[in-house]
Amino acid sequence: MRPESSLDDAELVSEDLRLRGAELTVVVPTYNECENVAALVGRLRSALGGVAWEVIFVDDASPDGTAERVRELALQDRRIRVIQRFGRRGLSSACVEGMLASAAPFLAVLDADLQHDERLLPAMLATLRGGAAEIVVGSRYVSGGGIGDWDRGRARLSRIGVRLSRILVPEDLKDPMSGFFMMHRGVFERSRERLSAIGFKLLADLFASHPSPLRFEELPYQFRPRNAGESKLDSVTAWDYAMLLLDKMVGHVVPVRFVSFSIVGVLGIAVHFAVLTPLLRIAHTRFTVAQAIAALCAMTFNFALNNLLTYRDARLRGWRWLRGWFLFVLACSIGGVMNVTVASFIFKSYGTWVIGALGGILVGSMWNYAVTKFFTWGRSGT
Ligand code: GDD
Ligand code: MN
């Protein structure tokens with residue numbers, strides 16, 4: 001190594017930039033974005049010249065090898081990092097974890113597929129540094145912004161989402177569905193314990209979770225077409241959004257997963273009768289046998305739907321699906337016995353069958369929820 005005195009001024013500056021922590025962390029959630037990450041890093045380099053930045057990719061064990069690709073890039077440039085999560089999915093929760101791993105005073109979220117215009121980042125940073133706002137939103141719906149080549153269906157869905165979001169965000173925020181924004185670290189820190197972190201809409205979640213109204217600004221950009229790969233937005237994303245809204249409204253009283261679990265449970269009753277009725281009426285099966293078959297069908301239906309909706313972020317596949325199904329049926333059978341025991345007890349003690357039945361259902365379903373949450377889907381927290 002050369003003695004320090006032989007470094008010239010320019011070298012000293014770059015040496016300093018190299019050692020100093022980042023001022024701006026760009027968090028990029030990824031799922032199957034292998035073909036996009038190198039291009040994105042290239043664009044960040046050219047957009048953020050002169051800024052001490054870093055990028056944290058948060059990858060949910062993409063089967064296409066996104067994380068490995070990022071690690072290759074990280075060996076060339078220490079400003080690049082990757083957090084890899086296993087057995088979990090979720091855009092918002094991924095962003096939250098990326099932010100928790102950063103020390104930078106400014107945090108941005110950017111998609112990996114080049115749809116968000118990274119050239120807006122310096123202007124976003126300047127707005128925050130100037131103190132004009134605590135959070136800056138890349139906006140498609142202010143003058144100068146646009147949604148590019150979205151089809152009419154997607155544009156309409158986005159508009160419905162915006163209208164519903166008014167429960168969470170101020171009226172004058174034009175693009176509350178944006179996935180592209182930058183904020184002071186403090187905004188995140190003051191909100192993080194209240195965040196629902198469900199689904200895709202972290203921005204609306206932040207607005208709803210921050211203890212005081214956020215001072216925001218919107219900067220326009222044109223939403224570009226996706227580079228490589230495909231969108232992860234599907235019909236379950238709409239369910240996630242409904243759960244986010246619900247969590248913000250009633251989450252402090254009842255866990256939103258329990259609400260989802262109960263909705264699925266009620267649908268399961270319909271399945272039960274749809275199986276039971278023809279078995280009794282048409283096939284003339286013995287009642288006990290018919291009831292057992294119907295219960296098994298209903299439990300299987302409930303398991304499959306809970307796996308898809310309630311535990312979308314911890315979804316089981318392949319042989320884990322089978323193991324999960326077995327544990328679910330086992331737990332719910334015990335729950336069924338508890339249901340009948342409690343119901344009979346209330347009925348015998350107080351003589352009211354409606355209260356008895358409801359009490360049995362409540363105890364049984366709470367057992368089912370608590371036990372399958374832990375044993376079937378391996379969740380101990382939320
Ligand atoms: N870690 C992780 N886990 N990342 C995910 C997941 C996930 O489960 N699902 C999606 N992503 C990543 C994608 O890899 C991509 O980098 C980014 O999140 C956005 O996902 P897309 O599938 O491309 O979403 P989109 O283009 O339909 O919608 C985006 O733009 C909208 C408009 O700004 C999202 O950012 C929306 O939230 C946003 O409303
Ligand atoms: Mn996209």
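Numbering of ligands and ligand atoms starts at 1, following listing order.
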* Asked: Would one find an N or O of D59, backbone or side chain, under 3.5 Å from an N or O of ligand 1?
  -> no
* ligand 1 N/O within reach of D113 N/O, cut-off under 3.5 Å -> yes
* Asked: Judged by modelled atom types alone, do T372 and Y311 share a side-chain donor-acceptor pair under 3.5 Å?
  -> no
* Asked: If we ignore angles and hydrogens, is there a donor and acceptor under 3.5 Å between the side chains of S260 and T310?
  -> yes
* Option whose closest heavy atom lies nearest to atom 29 (C) of ligand 1, chosen from V109, D111, L110 -> D111
If the cut-off is 4.0 Å to any non-hydrogen atom of [X], which atoms of ligand 1 fall inside it?
X    : result
F223 : 30 (O), 32 (C), 33 (O)
R140 : 32 (C), 33 (O)
M177 : 38 (C), 39 (O)
A112 : 16 (O)
R226 : 21 (P), 22 (O), 23 (O)
T30  : 1 (N), 2 (C), 4 (N), 14 (O)
Y31  : 4 (N), 5 (C), 6 (C), 14 (O)

* To do: Test K232 against D113 for salt bridge (charged side-chain N to carboxylate O under 4.0 Å, His left out), laying out the working first.
  => CA-CA 11 Å; K232 281 85 205 175; D113 55 6; over 6 Å; no
* **Under 3.5 Å: donor-acceptor pair, side chain of E218, backbone of K174** => yes
* Asked: Looking only at atom types and distance, does a side-chain atom of S165 sit under 3.5 Å from a main-chain N or O of V162, one as donor and one as acceptor?
  -> yes
* To do: Starting from the Mn ion (ligand 2), look over the N/O/S atoms of D113 and name the nearest one.
  => OD2
* **Contact check: S231 to the Mn ion (ligand 2), N/O/S below 2.8 Å** => no
* **E118/R224 under salt bridge (charged side-chain N to carboxylate O under 4.0 Å, His left out): CA gap, chis, key distance, verdict** => CA-CA 11 Å; E118 71 293 332; R224 296 185 293 221; 2.7 Å; yes
* Below 4.5 Å, heavy atoms only, C-beta onward: do F180 and D111 meet side chain to side chain? -> no
* Asked: For atom 13 (C) of ligand 1, which protein heavy atom lies nearest, and how many Å away is it?
  -> E33 OE2, 3.2 Å
* Quick one: does ligand 1 sit under 4.0 Å from the side chain of K232, the backbone, both or neither, non-hydrogen atoms only? -> both
* Structure fact -> Within the 4.0 Å heavy-atom cut-off, what R85 brings close to ligand 1 is neither
* Asked: Parallel under 30°, tilted from 30 to 60°, perpendicular over 60°: which one fits the rings of F207 and F216?
  -> perpendicular
* Measure up the W377 and F303 rings against each other and bin them: parallel (under 30°), tilted (30 to 60°), perpendicular (over 60°). => parallel
* Asked: Relative to Y31, does R89 satisfy both conditions: NZ or CZ under 6.0 angstrom from the six-membered ring centre, and within 45 degrees of the ring's axis?
  -> yes
